[in-house]
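The structure appears below as structure tokens.
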Amino acid sequence: MRPRLPATRLNPAAAPRRAPTARLLSTAAPPSDARHLQPQQQQQLEQLIARGDLSRARHLFDEIPDPDARAYNALIRAYSWRGPAHAAGALALYAAMLRDGRSPPNKYTFPFVLKACSALLDLRAGRAIHRHAARAGLHADLFVSTALIDLYMKCARFRPANAVFRAMPARDAVAWNAMVAGYALHGMYGHALECLLRMQEGRACLRPNASTLVALLPLLAQQSALRQGKSVHAYSVRASLHDKDGVLVGTALLDMYAKCGNLLYAQRVFEAMAVRNDVTWSAIIGGFVVCGRMLEAFILFKDMLAQGLGFLSPTSVASSLRACASLADVRIGKQLHVLLAKSGLQSDLTAGNSLLSMYAKAGLIDEATTLFNDMAAKDTVSYSALVSGYVQNGMADAAFLVFRKMQVCNVEPDVATMVSLIPACAHLAALQHGKCSHGSVIVRGMAPETSICNALIDMYAKCGRIAFSRQIFDAMPSRDIVSWNTMIAGYGIHGLGKEATALFLDMKNHACEPDGVTFICLISACSHSGLVTEGKHWFHMMAQKYGITPRMEHYISMVDLLARGGFLDEAYQFIQSMPMKADVRVWGALLAACRVHKNIDLGKQVARVIQKLGPEGTGNFVLLSNIFSAAGRFDEAAEVRIIQKEKGFKKSPGCSWIEINGSLHAFIGGDRSHPRSPEIYQELHNILVDINKLGYQADTSFVLQDLEEEEKEKALLYHSEKLAIAFGILTLSEDKDIFVTKNLRVCGDCHTVIKYMSLVRRRDIIVRDANRFHHFKNGQCSCGDFW
DNA sequence: TGACACATTC
């Protein structure tokens, strides 16, 4: 019950001189049907709303003992204009209005509550309100119908939207615009254009106005339809169409130009605008970021700040943070963090997410985690940013934990989440996790998405199921260049060079032009299959026939191809003939081959070059030290390891893992932490006895340290891949393949022993090392001993 | 009474 009515309303005679107007009105109308507020209360309410002081307006409203429809409408309207954050308030007020029952919603109520439903994408509430409006006989009202169309279109319910549109007795430009904008929102180019033409024809005969263009331009931007965009621009000039001060049309135009890659025009429109607001600034800064011109984006951002903080918005900061992430400039990123904190924008979800993503991409994963934990509200983007951060920083298991947490917290993953998560399965070669992710992708209807399929192709290839990869590739509704490249690379790591080549040749049947990456994948596929002649052929064709200038990555692949194939001198010559200075990675490829082919002399020579260049990363230090060890020069090997330590490069310890019934078991060399270690070591010992009988001898040149021969043999025997395989032999039934993943390249002695293991234990053993797959069967390996 | 431009995760 509401508080008692003031005495003046019920008893006019009691206070005749104090509020004559109010008394007159309240006595003139019976309180049950046509009730009115005291005019000053209504006026005060509207003033507070106009000032944007919603909380005081609400307070005042709650004080009103007997609010009428006008008061309800004013507040509902104010809430519905404040976006999703306040839309729920509008719906709650509408519900109160219905409960109250004394002032039923009228034709001024419905458009605003429907707008609130649109903001929340609340289709259920929207349908209910549609029924209420129909009961009140107002569903064909111009404003109500337009709001209904807007709601149904935003929720992608095209049929009901069309039904409402057709049932309208008369339509104005706003109604037509709702249709155009709805189709534009969902990227339905054809439908939007058809609507646009129909509104100008025949009986309707309405000219597009500024709002039509503002709805249409983002669609053209999304389609990169520069030509149509230009003609819209021309039309707006010819028809001198612009909104009040030209901000909306101007902003939409410059955004369209930027997204179509025409920054010059975007800048011209920006310069010519008489009035700019925060959205305008965001659009121009974002435009430079989208076109990859990060430094200029920063300059614009500074220009904006130079005019005060008035234009600063979460959106412009978000774009700038993306620029920081892409330039890997944490210093500026941290400055932006401070700016956000100072200006009170840090609580904004978009800004917070950008900040989180910037830290994650920069590898500052602890900062990202802290920020994530401190965020008051988290959405799908927040979780996805963290998942992707963990995966990019090699913390695949942590990424799965975040994904689990996401599900516990009822946050729905989207395409971006899954595209980040699936590579984590690939990284761990966790087939069960991968299949699970594949399942959830199907359930959520994301399976036809190109980016999802690309991730799945890569995942199945890296988990050893190249046939699954191909199935997904063949079933894709549409493929992009990444799909082709991923599939070719998948064949490559499986040593299926012929299949890779066949797929490459098939590209032109599907009107798909190879790019630089295609050739990297193709040449390295040839390299893994020992197809040296073919690889050389494609390298030459790349420049001659396809006009692609080789990059450093192509030279790396070529050196790898030649050297791995045993043509070490030719590889050396090839490096000498390069038009650019070979970097460490090129020499590293040659060094790795020197080790495989045991060419100590050339190895030493290459090692000197690498030392001069400064061996970046861990790989070359390890190789260098291995070369010296293999030559018996342990002092020098030790020296390299000391330098490596001094420079702060940690050699990641060799680690192998195997997935049994969906759980991962990881081993490092000499590891005894596994609960079944005694059995594992016993099994390894038994295997050693068996294979010694077949003539196996440990190749101790693969041991790094200067140990006694017998010690070396032990060090070799307990390499992580051998432990993982022995565990697999013990736990998996005989019909199952043993699938082991190693973070580094498999060592030569292990390679020999695993061949023997496949023979004496009659098991198919698949090892995925850092470079490729090895399928061991009947004492043979699919890599043909070149890896 | 009504529409409408910018942005974060891949």
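Below, read A as the first sequence line, B as the second, and so on, with proteins coming before strands; counting in each chain starts at 1.
Pairs engaging residues 256-282 of chain A under the salt bridge (charged side-chain N to carboxylate O under 4.0 Å, His left out) rule: A:Asp255-A:Lys259 [sequence neighbours left out]. Residue pairs meeting the side-chain hydrogen bond (donor to acceptor under 3.5 Å, both in side chains) criterion with at least one member in residues 162-173 of chain A, sequence neighbours excluded, are A:Asn162-A:Tyr183.
Looking at heavy atoms from C-beta onward, A:Leu263 lies out of side-chain contact with A:Glu296 at the 4.5 angstrom threshold.
At a threshold of 4.0 angstrom between heavy atoms, the contacts of A:Asn177 include nucleobase atoms, whether or not backbone atoms are also involved. Using a 4.0 Å heavy-atom criterion, one finds that A:Ser354 contacts the sugar-phosphate atoms exclusively. Using a 4.0 Å heavy-atom criterion, one finds that A:Val247 contacts the bases of the nucleic acid, with or without backbone contacts as well. Across all strands shown, A:Asp172 has heavy atoms under 4.0 Å from base atoms, whether or not it also approaches the sugar-phosphate. In this structure, A:Val419 reaches the sugar-phosphate backbone alone: every heavy-atom distance under 4.0 Å involves primed, P, OP1 or OP2 atoms, never a base. Residue contacts for A:Trp176: at a heavy-atom cut-off of 4.0 Å it reaches no nucleic acid atom on any strand shown. Residue contacts for A:Asp379: at a heavy-atom cut-off of 4.0 Å it reaches no nucleic acid atom on any strand shown.
Taking every heavy atom of residues 265-272 of chain A and every atom of DNA chain B, no pair lies under 4.0 Å. Residues from residues 112-121 of chain A placing a heavy atom under 4.0 Å of any atom in DNA chain B, listed by number, are A:Phe112, A:Lys115. Less than 4.0 Å separates DNA chain B from at least one heavy atom of each of the following residues of residues 402-415 of chain A: A:Asp414. Listed by residue number, the members of residues 211-221 of chain A with any heavy atom below 4.0 angstrom from DNA chain B are A:Ser211, A:Val214, A:Pro218.
Side chains of A:His130 and A:Tyr152: a donor-acceptor N/O pair is present below 3.5 angstrom, by distance only. If you check the side chains of A:Asn277 and A:Thr280, you find a donor sitting under 3.5 Å from an acceptor. If you check the side chains of A:Asn209 and A:Thr212, you find a donor sitting under 3.5 Å from an acceptor. A side-chain N or O of A:Thr369 and one of A:Tyr390 form a donor-acceptor pair less than 3.5 Å apart.
Residues satisfying the side-chain hydrogen bond (donor to acceptor under 3.5 Å, both in side chains) criterion with A:Ser388, sequence neighbours excluded, are A:Gln392. A:Ser478 meets the side-chain hydrogen bond (donor to acceptor under 3.5 Å, both in side chains) test with A:Thr450; sequence neighbours excluded. Looking at residues two or more places apart in sequence or on another chain, you find a side-chain hydrogen bond (donor to acceptor under 3.5 Å, both in side chains) between A:Ser382 and A:Asn353, A:Asp379. A search for side-chain hydrogen bond (donor to acceptor under 3.5 Å, both in side chains) contacts involving A:Ser384 returns A:Thr417, not counting sequence neighbours. A:Lys361 is linked by a salt bridge (Lys or Arg N to Asp or Glu O under 4.0 Å) to nothing, counting only residues two or more places apart in sequence or in another chain.
Aromatic ring pairs are classed by plane angle as parallel below 30°, tilted from 30° to 60° and perpendicular above 60°; the pair A:His132 and A:Tyr94 is parallel. The aromatic rings of A:Tyr79 and A:His86 sit parallel to each other, their planes meeting at less than 30°, with 60° as the upper class boundary.
Taking 4.0 Å as the cut-off between side-chain N and carboxylate O, A:Glu449 and A:Arg444 do not count as a salt-bridged pair.
Boundaries of the chain A contact region on DNA chain B are B:dT1 to B:dC10, first to last in 5' to 3' order (nucleotide atom under 4.0 Å from a heavy atom).
Judged by distance alone, the side chain of A:Ser319 and the main-chain N or O of A:Ser316 form no donor-acceptor pair under 3.5 Å.
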